[in-house]
Amino acid sequence: SMGAYPFSNDIQKFTLLPTFMAWKRKLVIGGSLGLQNDNLRKTKAATSMRTIGSLNVSLNPWPFFGIDAGYSNYGINQRTGRIPLPDSMRVRQLTSNITVTPRFTFNSASLSQTIMMVYNYMALTDKNPATSVLTGNKNQIVQLSYSASLPESNWSFSAGLNYLSSRNYLGSVSSYGLNASIGKELLNQQLSLGLPVTLLRSQAEDAKGWILNTGLTADYTLTKHHSFKLNIDHTGNYFPTGSDQPSFNEIKGDLMYVYKF
């Protein structure tokens, strides 16, 4: 590309981005509505049309509590372009996403605490009968977390619960478990150390197993422009003997040097 950014051409877009604030900006409502289509020159085999809609709400009634919610809906449809387009090859899909995040925050000079829950639902719906069985899927993620930091001693802690489920034409996969981490800053905050741990109980159809993730992170700032980062990750996937799912252990390490201009 000779250093040039990729450019989209043969596309027209129309987008509205309204925002509404009330209650001394404690309530913010924003959204978008967009229409897009290509094949303006009538040279492509098919014309793609997209409809994009989203709504985001942020409510912060008190300093210690707030909640964010979002909904998005993205649709794509095709029609005949330069040549006839068979119905079995026509793309007609709808992707929906819902996110809700309530949070509590308690701050003081010696302790900062946050309690947060994240719920996310995503679904892809295929409107083409010839391909819907193979492409449709639904996913749900639920996370409940607690984090705390001690500014005076430079310690930080976190713990949480996780749930994940996914369903497609191959079957369903789900996992649930807990995670925790501990961190410490040393040498006048030049060195940051972290130790995260995650343990999940997983199920893929009739196969049940355990997933264990552990790691070590280190970030050392030598000067204003020079720093080093070290990440070591261990992943263990354990299923009973004779299961269709393989058991394995994997260790990955990254050592990075960063120069800031």
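Only heavy atoms go into these numbers, but all of them, side chains included; no hydrogens, no water, no symmetry mates.
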Out of curiosity, [X] [atom1] to [Y] [atom2], how far, rounded to the nearest 0.5 Å?
X      : Y      : atom1 : atom2 : result
Lys138 : Arg167 : NZ    : CZ    : 8.5 Å
Ser174 : Lys208 : OG    : NZ    : 9.0 Å
Leu230 : Thr217 : CG    : OG1   : 8.5 Å

[X] to [Y] - nearest heavy-atom pair and separation:
X      : Y      : result
Asp10  : Leu40  : OD1-N, 2.8 Å
Val173 : Ala204 : CG2-CB, 4.2 Å
Ser32  : Ser54  : OG-OG, 2.6 Å
Arg82  : Thr43  : NE-O, 2.9 Å
Ala46  : Leu85  : CB-CD2, 4.0 Å
Glu152 : Ser110 : OE2-CB, 4.2 Å

Side-chain ([X]) to main-chain ([Y]) donor-acceptor, under 3.5 angstrom:
X      : Y      : value
Asn188 : Gln190 : no
Arg90  : Gln78  : yes
Asn107 : Leu111 : no
His234 : Thr214 : no
Asp254 : Ile232 : no
Ser247 : Phe239 : yes
Lys26  : Met21  : no

With distance as the sole criterion, is a donor-acceptor pair present between the side chains of [X] and [Y] under 3.5 Å?
X      : Y      : answer
Asn37  : Gln12  : yes
Thr135 : Asp126 : yes
Asn139 : Ser166 : yes

Are [X] and [Y] close enough that some pair of their side-chain heavy atoms sits under 4.5 Å apart?
X      : Y      : result
Lys13  : Leu35  : no
Met89  : Asn128 : no
Lys127 : Thr125 : yes
Tyr119 : Ile141 : no

Exercise for the section: Report the C-alpha distance between Ser58 and Asn56 in whole Å, list the side-chain angles of each, state the deciding distance to 0.1 Å, and finish with yes or no for side chain to side chain donor-acceptor pair (under 3.5 Å). Expected result: CA-CA 7 Å; Ser58 180; Asn56 299 289; over 6 Å; no
Consider only side-chain heavy atoms of I, L, V, M, F, W and Y, link residues closer than 4.5 Å, and tell whether [X] and [Y] are in one cluster.
X      : Y      : value
Trp23  : Phe20  : yes
Leu187 : Trp155 : no
Val197 : Tyr238 : yes
Val118 : Leu178 : no
Val100 : Val57  : yes

Practice task
Go through Tyr176 and Tyr163 one step at a time and tell me if the ring-ring contact (aromatic ring centres under 6.0 Å, His included) criterion holds.
Solution key: CA-CA 4 Å; Tyr176 59 90; Tyr163 172 78; 7.3 Å; no
If you count every heavy atom of other residues, nucleotides or ligands that lies below 6.0 Å from [X] atom [atom1], does the total exceed 12?
X      : atom1 : answer
Asn249 : CG    : yes
Lys44  : NZ    : yes
Arg79  : CZ    : no

Fill in the blank from the handout: With sequence neighbours left out, the residues meeting ring-ring contact (aromatic ring centres under 6.0 Å, His included) with Tyr169 are none
Practice task
Sort out for me which residue in Leu55, Leu59, Thr19 forms a side-chain contact (heavy atoms from CB on, under 4.5 Å) with Ile29.
Solution key: Leu55
Practice task
Kindly assign one of parallel, tilted or perpendicular to the pair Phe261 and Tyr259, based on the angle between their ring planes and the thresholds 30° and 60°.
Solution key: perpendicular
Exercise for the section: Specify whether Phe65 and Phe104 have parallel, tilted or perpendicular ring planes, treating 30° as the upper limit for parallel and 60° as the lower limit for perpendicular. Expected result: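 Answer is tilted, since the angle falls between 30° and 60°.
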Exercise for the section: Go through Thr105 and Phe64 one step at a time and tell me if the side-chain contact (heavy atoms from CB on, under 4.5 Å) criterion holds. Expected result: CA-CA 5 Å; Thr105 304; Phe64 62 88; 5.6 Å; no
Handout entry: Cationic N near anionic O, under 4.0 Å, Arg50 to Asp38
Key =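 Not counted as a salt bridge, because no side-chain N and carboxylate O are separated by less than 4.0 Å.
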Handout entry: Tyr220-Phe228 aromatic ring centre distance below 6.0 Å
Key = no
Exercise for the section: Please name the residue in the list Asn237, Asp233, Thr235, Asn179 that meets the side-chain hydrogen bond (donor to acceptor under 3.5 Å, both in side chains) test with Asn213. Expected result: Thr235
